[in-house]
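Shown next, in structure tokens, is the structure this report addresses.
Residues: numbered from 1 along the sequence shown. Counting starts at 1 for both ligands and their atoms, following the listed order. On a predicted model such as this, the values are computed, not experimentally measured, just so you know.
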Amino acid sequence: MPTSAILKVDDKEYPFPVIEGTEGEKAIDTRTLRATTGLISYDQGYGNTGSCESQITYLDGDKGILRHRGYPIDQLAQYSEFVETAYLIIYGELPNPKQRKEFGQLLRRNAPVEMQAQKILEGFPTNASPMAMLSAMVAALPAYHPELAANNFEKDLKTFDLAAGMAISKIRTMVAMIYRYTHGLPFVFPKQELPFCDNFLHMMFSEPYQDYIPVPEVSKALNLVLLLHADHEQNCSTSTVRMVASSQANLFTSMSAAISALSGPLHGGANVAVMQMLQQIHDDGDDGSRFIEAAKSGKKGSRLMGFGHAVYRNFDPRAKIVGAACDTLLKRLGIDDPLLAIAKHLEEAALRDDYFISRKLYPNVDFYSGIIMRAIGIPMSMFTTMFAIGRAPGYIANWHEVASDPKGRIYRPRQIYQGKLAREYVPMALRGEK
Ligand code: CMC
């Protein structure tokens, strides 16, 4: 095991320590690089940069491993449920019966969303992005709960349990409210007695005189989809949480920024992009074969959405679980979705194709999660907000790590400037047309 590395710049050598994580990952500790050499490292997109030490999630992209607090994702998917896994991710241990009960009660008590928050929604056109609405509603939470959002780590850590419970529970309620608002339906209030997922389905689908009747298979599938999204190491939106939190911003503000980061099609928006792609293939009368050929150009606009991953180079373990669950749910509900057949054909064809094999491109979690959500009755416009409900525990746990790190410092990467050299200001009268 190397314990140090040497950087040679011209003929001068600089030693750097090598640090090792608990799973044996090694990193050259370059924290003194600039001070000792006068150089910075250039790593566009931070693909080779460890931005923090973390105890939450371990991911080995080459081996297709994902573990939360040491527990493999397939075991959590099989034996746990979203609320329990959320507790594990936030607090580091599976809850005992008492802790689980208290956590559940905390979520139940904090399900309602402030009445004024409806006004925030009403300020949006009904066809606005649900993710923009969700980010705005979460950003407003500090205004209603200033006692939980002091922008002071010492104070905010004292009220962390309540803030965390509120964030998980209210984000779920907000998503249901956004669905009702964007579909011109009256809001449905949460019911204290319902479990987390059933309560969500109730707020989404109940009618004034007809309560939604929970279907166990549907609740189970929803639970699984949320659990599979609960955390995923230093992805774009979670890094955003840490970035914003590092300025000592409170939990809600940091989460609001993360929700915005999640909205893009290469991240949380990928589940929408997958469904749009499958629908397009279906509408074109293609079985996927023509699309696969076009996707091999690799151009951003014609990529096979739901394939490839920034870190998984073998398989995404979540994709296997969600693919199997998708089959089970559709069979149980007796749904024959033509998009599932197209997805399966695309997967089989891509996994045989040298273009995808040589680039190590495999289905990711989003490839099948959209089809499950569609079977549950969630419209495509809301898919990314579902990802946000699921990812809330990961955001919260990462915020907590930043806030409780005594050696923490503000995130401030550097850059390589490639712009104009210094020049004199040109008065307006002397500027040409071009
Ligand atoms: N379809 C076709 N070609 C692809 C795809 C794809 N989905 N993904 C990557 N490639 C090609 C790419 O063109 C490049 O080819 P070449 O070496 O010839 O230039 C090669 O594969 C490597 O691609 P890359 O862009 O360097 O890969 P990346 O690690 O930077 O990007 C990615 C990862 C997820 C952004 C990308 O694979 C992609 O755009 N996938 C589709 C979008 C998607 O499904 N995103 C969801 C990610 S999972 C949810 C989450 O965790 O946020």
Quick test of your reading of the model: are [X] and [Y] salt-bridged, counting only N-O distances below 4.0 Å?
X    : Y    : result
R374 : D337 : yes
K296 : D353 : yes
E102 : R109 : no
D316 : R318 : yes

Answer yes or no for [X]: is there a heavy-atom contact with ligand 1 below 4.0 Å?
X    : result
R313 : yes
N235 : no
Y355 : yes

Minimum distance, heavy atoms only, to [atom]: which one of [options] is it?
atom                    : options                : value
atom 49 (C) of ligand 1 : L304, D366, L262       : D366
atom 46 (C) of ligand 1 : A270, G269, A310       : A270
atom 16 (P) of ligand 1 : H267, H232, K360, R359 : R359

Using a 4.0 Å heavy-atom threshold (strictly under), name the region of [X] that reaches ligand 1: side chain, backbone, both or neither.
X    : result
D316 : neither
H309 : both
R391 : neither
V274 : neither
N364 : side chain

Can we call the ring centroids of H232 and F387 under 6.0 Å apart? no
Give a yes/no verdict on a cation-pi contact between [X] and [Y], requiring under 6.0 Å between NZ or CZ and the six-membered ring centre and an angle within 45° of the axis.
X    : Y    : result
R242 : Y411 : no
K320 : F315 : yes
R359 : F356 : no

Mind telling me whether F160 and H400 have parallel, tilted or perpendicular rings, with 30° and 60° as the class edges?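 It falls in the tilted class, 30° to 60°.
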Ring pair (Phe, Tyr, Trp, His ring centres under 6.0 Å) between Y362 and F307: does it pass, once the steps are laid out? CA-CA 5 Å; Y362 298 89; F307 256 70; 7.8 Å; no
When only distance counts, is M305 in polar contact with ligand 1, meaning an N/O pair under 3.5 Å? no
Between ligand 1 and V365, is the shortest N or O to N or O distance under 3.5 Å? no
Check ligand 1 against G306 and write out every atom of the ligand that is under 4.0 Å from a heavy-atom position of the residue.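 Checking each atom against G306, I get 43 (C), 44 (O).
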Mark up the atoms of ligand 1 that fall under 4.0 Å of a heavy atom belonging to G308, in ascending order.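 In order of numbering, the contacting atoms are 34 (C), 37 (O).
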